[in-house]
Undergrad: 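Here it is, the structure in full.
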Amino acid sequence: MKAAFTLDDLPLWPHSANPDGYTADSITDALIEALDSNRIRGVYAFANSWALVKHPELSRVLDRWVAAGHHVANHTHSHPLLNDVEADRYIEEIDLAEEHLGPWMSKAPKRFFRYTLNLWGDTDEKRRRVKAHLDARDYAITEVTTWFYEWRWNTAFTNCLARDDQDGISFLKQSFSDFSIAQLRYDFDFAAKWFGGDIKGITLGHNVPFFADVADAFFAALRAAGLEFISLEEAAADPHYGEAASVVCRKFLNYQQKLAWVAGQPIPEIVPEYQATFDRVVEMSAGKRA
Ligand SMILES: [Zn+2]
């Protein structure tokens, strides 16, 4: 298994406040350290620029990320979903992010863009117009073949922190790597079946407190399970990604699952052997937005 690791939503995860003891700085520093100790270099962070307008001091998070040898890419200004807005608004968001993120993006070897929630457009007009804009601006679309659902674990984790549930925290920390490795293998197996050959994977994590805590051991566990980390430039050059943003779909699905769903051949999103584990985490994250 060969895959690139990518990070979404730097410098500040937009969906929940950080619990006591965690800041945008501390989370990013922990991730930089974990990547460094696992010799994972040149990771692209798909950034949202809204946080730089609201909290200008967070530009130092991007400074530190780039100083550590990693890269910044475009993930829109304020993270709107293409299902919810018109093509014009989404295009403005792409351009606004480029304006704000320019100082860091210009240092990256390549211009990458990731759709928010990997949504390519719920009408053909939106899909075509946004894709044409990305092509005209020389962006390469970055897909996702595996997400690790660490945002789900994170919501459950912050719930456990709030009520000092140490057993819950232990369960979350112990279950995450095993789940992720199983999900990674499941996604690779299905992609190989779907495309009729191995794909170079693109994996995704977020800058959330739970992930900052487990990232060092997590990356080591993935490598021990047989994952070779490659650069995003290498992974994205895999011709299997030629179907990115090629079809209309409202569903939040990874690359191969989306293509299969549109073709009328859906598969379970979660690796079936770990569905019960996943359900327990979802239950533990109840009451908070995931
Ligand atoms: Zn995102």
Undergrad: If you define the side chain from C-beta out and look only at heavy atoms, does anything of Y139 sit under 4.5 Å from I94?
TA: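 Yes, at least one pair of side-chain atoms sits under 4.5 Å.
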Undergrad: Do H70 and L35 come within less than 4.5 Å of each other through their side chains, counting heavy atoms only?
TA: yes
Undergrad: Report yes if the side chains of T116 and E93 come closer than 4.5 Å at any heavy-atom pair, otherwise no.
TA: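 A side-chain contact is absent here, since even the closest heavy-atom pair is not under 4.5 Å.
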Undergrad: Determine the sole option in D187, N254, L222, L184 for which the side chain to side chain contact (heavy atoms under 4.5 Å, CB included) test with T203 is passed.
TA: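 Output: one option passes, namely L184.
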Undergrad: Do R111 and E98 have side chains that get closer than 4.5 Å, going by heavy atoms?
TA: yes
Undergrad: Please work out whether the ring planes of F278 and F179 are parallel, tilted or perpendicular, with thresholds of 30° and 60°.
TA: parallel
Undergrad: Within this structure, what is the CG-CG distance for the pair D216 and D36, rounded to the nearest 0.5 Å?
TA: 10.0 Å
Undergrad: Let me know which of Y255, F195, F112 forms a ring pair (Phe, Tyr, Trp, His ring centres under 6.0 Å) with Y241.
TA: Y255
Undergrad: For K258, which of C249, S246, P266 qualifies under side chain to side chain contact (heavy atoms under 4.5 Å, CB included)?
TA: C249
Undergrad: Are V214 and L172 side-chain neighbours, meaning at least one heavy-atom pair lies under 4.5 Å?
TA: no
Undergrad: Does the side chain of N38 come within less than 4.5 Å of F218's, by heavy atoms?
TA: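 The answer is no; the side chains never approach within 4.5 Å.
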Undergrad: Just wondering, do D213 and F176 contact through their side chains at under 4.5 Å, heavy atoms?
TA: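 With C-beta onward as the side chain, the pair stays apart.
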Undergrad: Consider ring pair (Phe, Tyr, Trp, His ring centres under 6.0 Å). Of F148, W151, F157, W13, which one does F210 pass it with?
TA: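 Of the listed options, the one satisfying the test is F157.
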